[in-house]
Amino acid sequence: MTTGVVVRGDRVVLRPYRLDELDAMEAAMSTTEAREWLPLGAPPRHELRRRVEAAGEPSEGRIDLAIEADGRMVGEIDARHPRWAVPPGVWEIGISMFSSEDRGRGLGREAVSLLCDRLFGREGAHRVALTTDLDNGAMRTVAERCGFAFEGVLRSFMPTADASRRDYAMYAITKDDWTALRARAGVHDDTDD
């Protein structure tokens with residue numbers, strides 16, 4: 001049984017991690033394929049346990065959620081707002097789809113939109129940023145389709161396993177932008193409820 005905040009979309013559910021998923025989480029984040037989307041490697045086991053215990057609520061400046069589709073965990077999405085590190089109301093999100101089979105199906109785009117709804121509606125966000133490897137065309141397309149604006153390149157940003165550093169693209173969307181985008185799509189704006 002899943003407790004905590006659950007956000008449901010048409011094909012995707014964002015939900016807290018479950019304790020019985022620790023091994024699956026660790027395995028998914030430790031594959032050769034995972035090195036593409038987790039350049040720093042899998043988090044330590046105690047960090048994965050913290051994600052389970054947080055039950056989808058803000059914990060240590062993060063919200064960590066499993067992405068479920070077709071009744072199975074297909075990825076993870078997180079929102080970061082480290083206290084004292086960024087201005088109030090500013091969040092950054094990250095997303096990982098565990099298998100190439102689940103990429104390119106629109107699941108990531110739906111997950112990003114659902115998390116933005118939560119951040120702007122429940123968490124008091126005024127700005128949400130998203131960074132990705134400069135060469136990650138798929139994620140850049142997701143950001144753009146979700147309404148994020150390209151703001152520039154973070155040069156020599158992300159360290160890699162071979163001690164080099166990768167350039168990252170910075171995207172962001174504001175609460176006003178999100179509200180206008182949702183209104184154009186005919187979605188009720190509940191960010192002020």
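Starting from 1, each residue takes its place in the sequence as its number.
Side chain of Glu68 to backbone of Arg15: no donor-acceptor contact under 3.5 angstrom is found. Formation of a donor-acceptor pair under 3.5 Å by the Glu92 side chain with backbone atoms of His81 is not found in this model. The backbone N or O of Met97 sits less than 3.5 Å from a side-chain atom of Arg103, completing a donor-acceptor pair.
Using a 4.5 Å heavy-atom cutoff, the side chains of Val7 and Val12 are not in contact. The shortest distance between side-chain heavy atoms of Leu14 and Arg8 does not fall below 4.5 Å. Looking only at side-chain heavy atoms (C-beta outward), Glu76 and Leu65 stay at 4.5 Å or farther from each other. With a 4.5 Å cut-off on side-chain heavy atoms, Asp78 and Ser96 do not count as touching. Using a 4.5 Å cut-off on side-chain heavy atoms (C-beta onward), His126 and Trp91 make no contact. Within the 4.5 Å cutoff, no side-chain heavy atoms of Ile67 are placed close to those of Met73.
For the side-chain contact (heavy atoms from CB on, under 4.5 Å) criterion with Leu154, the lone passing option out of Arg166, Arg165, Met170 is Met170.
Residues Glu21 and Arg18 are paired through a salt bridge, judged by an N-O separation under 4.0 Å between the basic side chain and the carboxylate. Note on Asp70 versus Arg105: salt bridge recorded, some NZ/NE/NH1/NH2 to OD/OE distance being below 4.0 Å. By the 4.0 Å N-to-carboxylate-O rule, Asp102 lies close enough to Arg72 to be salt-bridged with it. With salt bridges taken as basic N to acidic carboxylate O contacts below 4.0 Å, one links Glu47 and Arg51. The pair Arg140-Asp133 does not meet the salt-bridge criterion, since no charged nitrogen lies less than 4.0 angstrom from a carboxylate oxygen. Glu151 and Arg127 are joined by a salt bridge, as a carboxylate oxygen and a charged side-chain nitrogen come within less than 4.0 angstrom of each other.
Thr174 and Asp177 share a side-chain donor-acceptor pair at under 3.5 Å. Side-chain contact check for Tyr168 and Arg155: no donor-acceptor pair (N or O, by modelled atom type) lies under 3.5 Å.
Annotation: the span from Ile95 atom CD1 to Leu130 atom CG amounts to 8.5 Å, rounded to 0.5 Å.
Phe120 and Val90 fall into different hydrophobic clusters, where Ile, Leu, Val, Met, Phe, Trp and Tyr are joined by side-chain heavy atoms under 4.5 Å apart, directly or via other members.
The two residues Pro58 and Arg118 have their closest heavy-atom pair at CD-NH2, 3.9 Å.
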